[in-house]
A.B. asks: 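Have a look at this one.
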Amino acid sequence: MPELPEVETTRRGIAPHLAGRRFTGARVRNRRLRRPVPRDLSRLLAGQPVTGVRRRGKYLVIDTPAGSLIIHLGMSGSLRVVPAGTPPGPHDHVDLLLDDGRCLRLRDPRRFGLVLFTRRDPLTHPLLKDLGPEPLAPGFGGDDLWRRARGRRTAIKNFIMDGRVVAGVGNIYANEALFRAGIHPARPAGRISRARMARLAAAIRAVLEEAIAAGGTTMRDFTDSQGKPGYFALSLAVYGREGEPCPRCGHPIRHVVIGQRSTCYCPRCQR
DNA sequence: CCGGACGCCTGTCGGC
DNA sequence: TGCCGACAGGCGTCCG
């Protein structure tokens with residue numbers, strides 16, 4: 001579910017509640033996420049002050065002097081700050097307890113998410129070390145994409161969803177960025193000109209920024225840290241709009257499967 | 001090295 | 001109404 005804008009929305013939502021706080025421990029109701037939640041998570045966190053709340057791609061990183069939490073929301077995860085006594089729902093697997101009587105609560109029905117702890121620089125963790133550039137950081141542009149695409153025959157949509165190419169672009173925003181750039185999602189990545197790659201990079205950046213400003217996209221179960229949905233779904237041009245008229249030319253939006261993922265595009269505007 | 005398919009989970013929705 | 005298959009925002013792994 002959550003792509004970069006939803007993770008960034010979550011980060012912005014939780015950061016003010018974590019600033020200046022200290023963890024008192026953790027309550028883990030179900031350790032069985034994508035990887036097991038550390039058995040000693042509570043002991044690792046107890047007494048540790050929060051020194052940072054960062055995002056890298058779709059990963060959240062919460063820093064303490066002893067080490068860093070690495071959190072991923074998978075397909076269905078969300079984080080909320082609630083009073084620690086709030087009765088948990090069936091999929092509220094982990095509470096990170098804070099010294100103000102509240103907790104950071106992870107809900108993840110499908111359990112594709114992740115809560116890890118590392119004592120080292122989290123950016124060198126095996127899950128993070130190969131991530132590509134942050135699309136919202138200065139310096140991200142078409143030249144980078146174009147260079148990496150040399151010789152690649154994979155569909156451009158698969159290419160920009162590869163976290164080693166660019167971090168944080170998932171299925172929704174890949175569809176939307178390709179529409180904005182006028183590029184057919186199945187076009188081989190290596191057969192896109194430098195100029196069009198520059199358009200694509202700009203489109204990726206723009207759609208992510210707009211989505212963050214709207215609080216992310218809620219298709220079904222994404223909520224921000226207050227439990228509220230994001231409203232960027234209203235602004236989606238193609239994703240989930242099969243058969244509807246293209247907002248640019250009116251031609252019906254088409255749906256195909258690329259890389260086992262649902263893909264929507266305008267066959268007239270995207271080549 | 002590259003590309004494509006699969007599996008991990010649960011919930012929901014559409015069709016019969 | 002009820003059941004069953006298809007599908008869902010991610011991503012690591014395996015195979016050819």
Side-chain angles (χ1 to χ4, degrees), chain A residues 1-10 29-37 55-60 70-79 89-94 106-116 125-132 147-178 185-191 204 207-208 211-212 214-224 229-243 255-264:
Chain A
M1 143 214 150
E3 304 183 36
L4 186 153
E6 291 74 36
V7 177
E8 178 63 19
T9 296
T10 299
R29 300 181 192 83
N30 190 347
R31 299 182 55 230
R32 297 171 50 234
L33 302 184
R34 185 171 114 210
R35 292 164 61 157
V37 177
R55 179 189 57 72
R56 175 77 174 103
K58 298 171 194 164
Y59 289 89
L60 278 169
I70 297 174
I71 299 175
H72 194 283
L73 301 177
M75 286 279 265
S76 59
S78 59
L79 282 170
H91 305 297
D92 290 341
H93 305 308
V94 178
L106 175 72
R107 172 172 300 182
D108 186 6
R110 292 176 73 180
R111 289 192 278 122
F112 290 172
L114 191 70
V115 178
L116 297 177
H125 188 279
L127 289 172
L128 307 200
K129 69 176 170 50
D130 293 325
L131 286 177
R147 244 178 281 112
R148 298 208 53 158
R150 292 312 84 207
R152 297 290 303 273
R153 285 194 267 183
T154 195
I156 184 63
K157 177 160 176 272
N158 295 339
F159 183 70
I160 60 174
M161 287 177 67
D162 182 340
R164 294 166 299 185
V165 171
V166 51
V169 178
N171 198 36
I172 292 181
Y173 300 108
N175 278 292
E176 294 297 309
L178 288 166
R187 173 173 284 273
R191 290 193 43 250
I204 290 171
V207 73
L208 296 177
I212 291 169
T217 299
T218 298
M219 296 302 291
R220 38 189 49 168
D221 48 12
F222 172 72
T223 62
D224 68 12
Y231 54 91
F232 194 70
L234 300 170
S235 303
L236 296 175
V238 290
Y239 184 83
R241 298 198 185 280
E242 177 186 7
H255 178 270
V256 293
V257 174
I258 296 175
Q260 292 89 242
R261 307 302 296 277
S262 187
T263 302
C264 300

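All chains are named by letter (A, B, ...) in the order of the sequence lines, taking the proteins before the strands, and each is independently numbered beginning at 1. Everything numeric here is computed off the predicted structure, so don't read it as measured data.
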A.B. asks: Are any protein N/O atoms closer than 3.5 Å to N/O atoms in nucleotides 2-4 of chain B? If there are, list each pair with its distance.
C.D. replies:
from: B:dG3; atom 1: OP1; to: A:R152; atom 2: NE; distance (Å): 3.4
from: B:dG3; atom 1: OP1; to: A:R153; atom 2: N; distance (Å): 2.6
from: B:dG3; atom 1: OP1; to: A:T154; atom 2: N; distance (Å): 3.0
from: B:dG3; atom 1: OP2; to: A:R152; atom 2: NE; distance (Å): 2.5
from: B:dG3; atom 1: OP2; to: A:R152; atom 2: NH2; distance (Å): 2.5

A.B. asks: Grab the stems for DNA chain C, please: at least three consecutive Watson-Crick or wobble pairs, both distances below 3.5 Å, written as range with range.
C.D. replies: B:2-8 with C:10-16, B:10-16 with C:2-8

A.B. asks: Just by modelled atom types, is the A:G57 backbone N or O under 3.5 Å from a matching donor or acceptor in the A:R55 side chain?
C.D. replies: yes

A.B. asks: By the definition side-chain contact (heavy atoms from CB on, under 4.5 Å), identify the one residue from A:D108, A:N30, A:L79, A:L106 that meets it with A:V94.
C.D. replies: A:L106

A.B. asks: Please state whether the phosphate of C:dC7, meaning OP1 or OP2, lies under 4.0 angstrom from any side-chain nitrogen or oxygen of A:S262.
C.D. replies: no

A.B. asks: Could you write nucleotides 8-13 of chain B as a row of B, S and -, 5' to 3', where a protein heavy atom under 4.0 Å of any base atom gives B, of only sugar-phosphate atoms gives S, and otherwise -?
C.D. replies: BBBB--

A.B. asks: What's the CZ-P distance between A:R148 and B:dC1, to the nearest Å?
C.D. replies: 12 Å

A.B. asks: If you round to the nearest 0.5 Å, how far is OG1 of A:T217 from CG of A:L236?
C.D. replies: 5.0 Å

A.B. asks: Suppose we screen for salt bridge (Lys or Arg N to Asp or Glu O under 4.0 Å). Which residues come up paired with A:R107, at least two apart in sequence or across chains?
C.D. replies: A:D92

A.B. asks: When the distance from CZ of A:R261 to C1' of C:dG9 is rounded to whole Å, what number comes out?
C.D. replies: 7 Å

A.B. asks: Looking only at non-hydrogen atoms, find the nearest pair between A:C264 and A:H255 and report the distance.
C.D. replies: SG-CD2, 3.8 Å

A.B. asks: If you look at every strand shown and take non-hydrogen atoms under 4.0 Å, does A:F159 touch a base, only sugar-phosphate, or nothing?
C.D. replies: nothing

A.B. asks: What's the gap between B:dT12 and C:dC11 when it is taken at their C1' atoms, as a whole Å value?
C.D. replies: 22 Å

A.B. asks: Determine yes or no for a side-chain-to-main-chain donor-acceptor pair under 3.5 angstrom, with A:E3 supplying the side chain and A:I172 the backbone.
C.D. replies: yes

A.B. asks: Can you measure A:N171 atom CG to C:dC7 atom P for me and round it to whole angstrom units?
C.D. replies: 14 Å

A.B. asks: What contact category does A:Y173 fall into here, base, sugar-phosphate, or nothing, at under 4.0 angstrom with non-hydrogen atoms?
C.D. replies: nothing

A.B. asks: In terms of the angle between their ring planes, are A:F232 and A:Y173 parallel, tilted or perpendicular, with boundaries placed at 30° and 60°?
C.D. replies: tilted

A.B. asks: Pick from A:H72, A:M75, A:R110: which one makes a side-chain contact (heavy atoms from CB on, under 4.5 Å) with A:R34?
C.D. replies: A:H72

A.B. asks: Determine the Euclidean distance between corresponding P atoms of C:dG12 and B:dG11; express it in Å to zero decimal places.
C.D. replies: 24 Å

A.B. asks: If I compare all heavy atoms of A:A177 with all of A:I204, which pair ends up nearest, and what's the gap?
C.D. replies: CB-CG1, 3.7 Å

A.B. asks: Would you mind reading off the distance between A:E3 atom CD and C:dC11 atom P, rounded to a whole angstrom?
C.D. replies: 9 Å

A.B. asks: Between the protein and nucleotides 13-15 of chain C, which nitrogen or oxygen pairs come in under 3.5 angstrom?
C.D. replies:
none

A.B. asks: Looking at every non-hydrogen atom in both residues, tell me the closest pair between A:A233 and A:M219 and how far apart they are.
C.D. replies: CB-SD, 4.5 Å

A.B. asks: What nucleotide among C:dG10, C:dA8, C:dG9 has an atom nearest to a side-chain atom of A:M219?
C.D. replies: C:dG9

A.B. asks: Which whole-number value in Å describes the distance from A:M161 CE to C:dC11 C1'?
C.D. replies: 10 Å

A.B. asks: Whole angstrom is fine here: how far is it from CG in A:N175 over to C1' in C:dG10?
C.D. replies: 15 Å

A.B. asks: Rounded to whole Å, how long is the line connecting atom CG of A:D130 with atom P of B:dC1?
C.D. replies: 12 Å

A.B. asks: Mind checking the P distance from C:dC4 to B:dC9? Whole angstroms is fine.
C.D. replies: 22 Å

A.B. asks: Using atom types as modelled, flag every donor-acceptor pair under 3.5 Å from a side chain in residues 149-156 of chain A to any protein atom, sequence neighbours excluded.
C.D. replies:
from: A:R150; atom 1: NE; to: A:W146; atom 2: O; distance (Å): 2.9
from: A:R150; atom 1: NH1; to: A:G190; atom 2: O; distance (Å): 3.4
from: A:R150; atom 1: NH2; to: A:W146; atom 2: O; distance (Å): 3.4

A.B. asks: How close or far is atom P of C:dC11 from atom CD1 of A:I172, stated in whole angstroms?
C.D. replies: 13 Å

A.B. asks: Give me the atom names and distance for the closest heavy-atom approach of A:S76 to A:P2.
C.D. replies: N-CD, 4.4 Å

A.B. asks: Roughly how far apart are A:Y59 OH and A:L128 CG, rounded to 0.5 Å?
C.D. replies: 6.0 Å

